[in-house]
Every structure is written in C-alpha cells, then in structure tokens.
Amino acid sequence: MAKMYQSNSSFIDEKMIRFFDIAQSSLLPLLEGALYYTIPLTFISFCIGLILAVLSAIARISTIKIFQKISRVYVSIIRGTPLLVQLFIIFYGLPNIGIILDPFPSAIIGFSLNVGAYGSEIIRAAILSIPKGQWEASFSIGMSYRQALKRIILPQASRVSVPPLSNTFISLVKDTSLASLVLVTEMFRKAQQIAARENEFLLLYAEAGLIYWVICFLLSIIQMKIENRLERYIAK
Amino acid sequence: MVRVTNLIKQFGELEVLKGMELNIEKGKIVVLIGPSGSGKTTFLRCLNVLETPTSGIVEIDQKVLDFSNSVSKKAVIQFRSLTGMVFQNYNLFPHMTALGNVMEGPVTVKKIPKQLAQKKAEELLQKVGLANKMNDYPFQLSGGQQQRVGIARALAMEPKVMLFDEPTSALDPELVGEVLKVMEDLAKDGMTMIVVTHEMRFAKDVADEVIFMDGGHIVEQGPPEQIFNRPQEARTRQFLRVLE
C-alpha cells in the first residue's frame, strides 16, 4: 500500500514537472504570437476602424440622403452577420471571384470593417449628445458646418465616446482569436498547435486565456488614463 | 445699420413672426420686451440666420439677404459675420480656456495668426474685466464670468451689430450687474445692439428705443420713457402692469 502510494506520488511529480516544462516552453511562442500578430492586428484594425467609424457617423448625420443610406446599410450588414462569417467570406470566399488575400490582410479588413460599424453608432450617439447650443455658438462666430464639427463638436464627442470605444477595443483584442481560423498564426493558433503536439489542451488554452486577460487589464488602465485626461475641463 | 422688411417665420403651421418691420440706426441700443412666446428670441435668431426666415428681407450694414429666394450657405456664413451673438446659457466651448474661446473665431474662421489673435483676445478679456481668468476653463468660472467671456468671444469677430438673447436670465441675481455693466460700456463705445431682456432697469437706462412685441409682431415702439411712462397701447400697459 505504502509502495503504491509512493509510486503514484512520483507519477504526479513527473506529471507536474512536465506540466511546468510545457507551460514554460510554450510561453515564448505564445507571447511571440501576441506580439507579432494579436497586438498589431488589434491596433491596426482599430485605427482603420476608427477612421471608418467617424466617416460613417458623419455620413449618417449628414443631410445628404445617399450618404445616410450607405452608412445605414454598412452598419446593418456588419452588425447583422457573424464576424466569423465575414472573415470566411473575405479569406475563403473572395478567391472564388479572383480576389486572393493573405491571412493577415484578410483579418485586418474583417476586423476594421467590424470596428467601423460598431464605432459608427458610438460616435453618432456621442455627436448627438453634444448640446445644440454648441453648434449654434460655433455658427454664431462664423464657422462652417465642417469647422464646427472639427473644432467644437468632435473634440467634445471624443470624450463621451471613450468608454464605449474602449469596450469595442477590448472586444477586438479577444475577437482576434478568430483570426486563427483564417490561418493567421496569432496567439491562439500557436496555443492550438502546441496543445495538439503535447496533448495538453487545458494548460495551453488556459495560458492563452491568461495572456488575453493581462493584455485587456493593461488596456483598461490606459483607458482610465485617457478618460482622466479628457475630463480635465469638466467640473468634478 | 439694420433694416428688416416684412419678415415672416413659420414653424410648420405656426406663424411665429407675422411680418416684422424694423429700422435701426448705427450705434443705437434697441431693447425687445414682451411675454414669452411673443417671438422676440426667434426674431433675434432670424437676424443671424440661426433660424431661416420663411420670407422677408434682412439688411445689415448694406448687405442684403432676401429670404423669398433661396440663400446659399456661403451667403449665410458671410452674413453671420456681421453680427455677434450672446446666448442665454452662454454656450461657451467647455474644452477651451477663456482665452481659447475668444481666440477660436479669429483663428479658425478669419485665419488670423495665433499670436496676433491671442493679443487681441487678451485685450478683449481685459475689457470685460477677466484679465486674471484668461486660462480658466468655463467650469471654473461663475455664470457672470462665463457670460462676459461669451461677450468677448462675440466681439472678437468684430461684428457690426451685437445680438443679446436674454443674456442675464440664467444668472444669479447678484451676478446680473457685472454683465449689464459690460453691456453698458459697450453701448458707450457706440456698438449697435439689439437686446432681448427682462431687465427693465437696463431697458430704461440704456436703451435708445424699446420695442414691445406680442403674438409675432410689434405692438408698440418708442423711446423708453414713452413705453414705460406713457404707453399708447392697452396691451403694453397690461404687460407692464404685470411686471410691477
């Protein structure tokens, strides 16, 4: 009995050693995946998406009907279809009509369009939340619509939209894991590869999850810093 | 300086201004009084086209806008530069300092170099008694101070006519005086001013002409001592009696 216990214990020890070994040796490849793909994918897509979002929001509140319509249709299509389906259409679907894209640009396009659509609604709401008096004051000192938007309305709207945009940003960090399915070797795909090789699924997926969490945690600290800075002209 | 001919403004079915006629000479102070809903504010907002009149002609400093025809955006923006507007709730830009608020028009619209604009803005803020508040944000200022920044901001664009839309209505009573003082100084400098207000003291002391409006047209107009001491119209007498 005592002997059996001992051998069992050494079996557990061996397992533990192997466990930590894999956890340690997989950390670098996972961080590489995060550094070379997950993080760039997130930042590039968010920047492009933000530009799309502002343009789409401005189109939506403009008085020109055709711009409103284009913006509406865009937002409706992107929000109404799963991100995974969009990525598959771009990467696996478009080659059928002769458009062949590498995995990384495919993912960038998919994520940017996504951020653009969700961001569009956020920025539109933020613009509409600025009191009408701000527009009137701008006009009264001779500003055009464009000048008022750029100098007076958007700077104030940006403050309002930071918290919801941060939500979008953090969602995006996690959504980039879907890029693994269009063959981008980002962090989660790396985790899948190592897990399959070592037969350690729980360990690798938990490790990947932990890294996502750390990234998001750092981002929410940055969010707080930005909010504080933008609120310096608000009465506390 | 200001000539308004048969100005009509409708909101859908509702006719808010029913053919306003007005003629104001350069340097005159005109005060508009009347019950709420009489069209005073709408009239003021039509003069700088924050509301587009349904029809009628507005002439300021020999520039004419005829609203019976459609007017271009560019013409409206040019026409607006003739007037400065002061709002009831100040409408300062909250993300800019007092100085930034006053510089904004000259820099963004007139493309005046920053240094020059800043020097002029400092002079204007000094003039309205805020030399020591230039770098404060609006939330750090009292209502009276904010409104004085509002006046300086409008003056920075060198308007021919200043429009005041109930400039003291949102202020605590003890802050009204400092704003009225600035307006009186401005009047002494020879600025042409149109003021919508409930401050009858200001109307009596400073106005060259008082206009009593009701139901979208002018009921009675004349020098303050006529309107306040010998009103000709029953409606004017009734309104003034309620005020006392």
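Below, chain A is the first sequence line, B the second, and so on; all start at residue 1. In this text, all values refer to a predicted model and were calculated from it rather than measured experimentally.
For B:Lys63, the NZ atom is densely surrounded, since the number of other residues' heavy atoms within 6.0 Å is greater than 12. Counting non-hydrogen atoms of other residues, nucleotides and ligands closer than 6.0 Å to CZ of A:Phe91 gives a total above 12. Environment of CZ in A:Phe67: sparse, with no more than 12 heavy atoms of neighbouring residues, nucleotides or ligands closer than 6.0 Å. In this structure, B:Phe11 places its CZ atom where more than 12 heavy-atom neighbours from other residues, nucleotides or ligands lie under 6.0 Å away. Taking a 6.0 Å sphere around NZ of A:Lys65, one finds it holds 12 or fewer heavy atoms contributed by other residues, nucleotides or ligands. Within a 6.0 Å sphere centred on CD of B:Gln140, heavy atoms belonging to other residues, nucleotides or ligands number more than 12. Residue-environment remark: OH (A:Tyr92) exceeds the threshold of 12 foreign heavy atoms within 6.0 Å. At most 12 non-hydrogen atoms from other residues, nucleotides or ligands lie less than 6.0 angstrom from NZ of B:Lys181.
For residues 73-94 of chain B, the interface with chain A (any heavy-atom pair closer than 4.5 Å) comprises B:Ile77, B:Arg80, B:Thr83, B:Met85, B:Phe87, B:Asn91, B:Leu92, B:Phe93, B:Pro94, sorted by residue number. Contacts of residues 153-162 of chain B with chain A at a heavy-atom distance below 4.5 Å involve B:Arg153, B:Met157, listed in sequence order.
Considering only residues two or more places apart in sequence or on other chains, A:Gln192 meets the side chain to side chain donor-acceptor pair (under 3.5 Å) condition with none of them. With sequence neighbours left out, A:Ser71 forms a side chain to side chain donor-acceptor pair (under 3.5 Å) with A:Ser56.
Distance CZ/A:Arg151 to OG1/B:Thr108: 4.0 Å, rounded to 0.5 Å. Within the model, atoms CG of B:Asn101 and CD1 of A:Ile141 stand 8.0 Å from one another, a figure rounded to the nearest 0.5 Å.
Here the shortest heavy-atom pairing between B:His95 and A:Ile152 reads CE1-O, 3.7 Å.
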